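One structure below.
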Amino acid sequence: MNSAPNFTYSHQFFRVPGGYQLRPLNLENSQQINSVWPHRAEGSEKFIEHMIEYNSSTGLYNESDELVAWCLQLDFGSLAALQVDEKHLK
């Protein structure tokens, strides 16, 4: 039996693997996200900060509290960036 915690998020059911947590992103994450975002450009870090500050943007954190994946939401509700840090791809 999987002992991972269950979450309801945006009317969807998710099972987060053991050792990981879903949490809201914070502005401190913007530099890391921008550094690996394939669409980064001049001003893109400010754009990411805006999405984090004003929208429901979520991060997946490991046991070391390291951000390993994220989903940023645009003002009108669509997803802007759903990405896993390459260091954590399996």
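Predicted, not measured: the structure shown is a model, and the values here were computed from it.
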Is [Y] close to [X] at the side-chain level, that is, under 4.5 Å between some pair of heavy atoms?
X	Y	value
L25	L67	yes
N29	I48	no
Y61	V68	no
Q31	E45	yes
P38	Q83	yes
Q32	W70	yes
R23	D65	yes

### Task
Please report the closest heavy-atom contact between R40 and V36, naming both atoms and the distance.
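Reported closest heavy-atom pair: NH1-C, 3.8 Å.
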### Message
How close do W37 and S44 get, counting heavy atoms only, and between which atoms?
### Response
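Shortest heavy-atom contact: CZ3-CB, 3.9 Å.
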Measure the spacing between [atom1] of [X] and [atom2] of [Y] and express it to the nearest 0.5 Å.
X	Y	atom1	atom2	result
D85	I33	CG	CD1	10.0 Å
I52	S30	CD1	OG	5.5 Å
L74	S57	CG	OG	8.5 Å

### Query
Is there a donor-acceptor contact under 3.5 Å linking the side chains of Q21 and N62?
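N62 and Q21 do not have a side-chain donor-acceptor pair below 3.5 Å.
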### Task
Name the orientation class of the two ring planes belonging to Y54 and H50 (parallel below 30°, tilted from 30 to 60°, perpendicular beyond 60°).
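If you compare the ring of Y54 with that of H50, the planes turn out tilted.
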### Message
Within the supplied structure, the quantity of interest is the number of heavy atoms (other residues, nucleotides, ligands) at a distance under 6.0 Å from E66 CD; does it exceed 12?
### Response
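Counting other residues, nucleotides and ligands, CD of E66 exceeds 12 neighbours.
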### Query
Are L79 and F76 co-members of a hydrophobic cluster defined by side-chain heavy atoms under 4.5 Å apart?
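F76 and L79: separate clusters.
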### Query
Among the clusters formed by ILVMFWY side chains lying less than 4.5 Å apart, do L27 and L72 turn up in the same one?
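In one cluster: yes.
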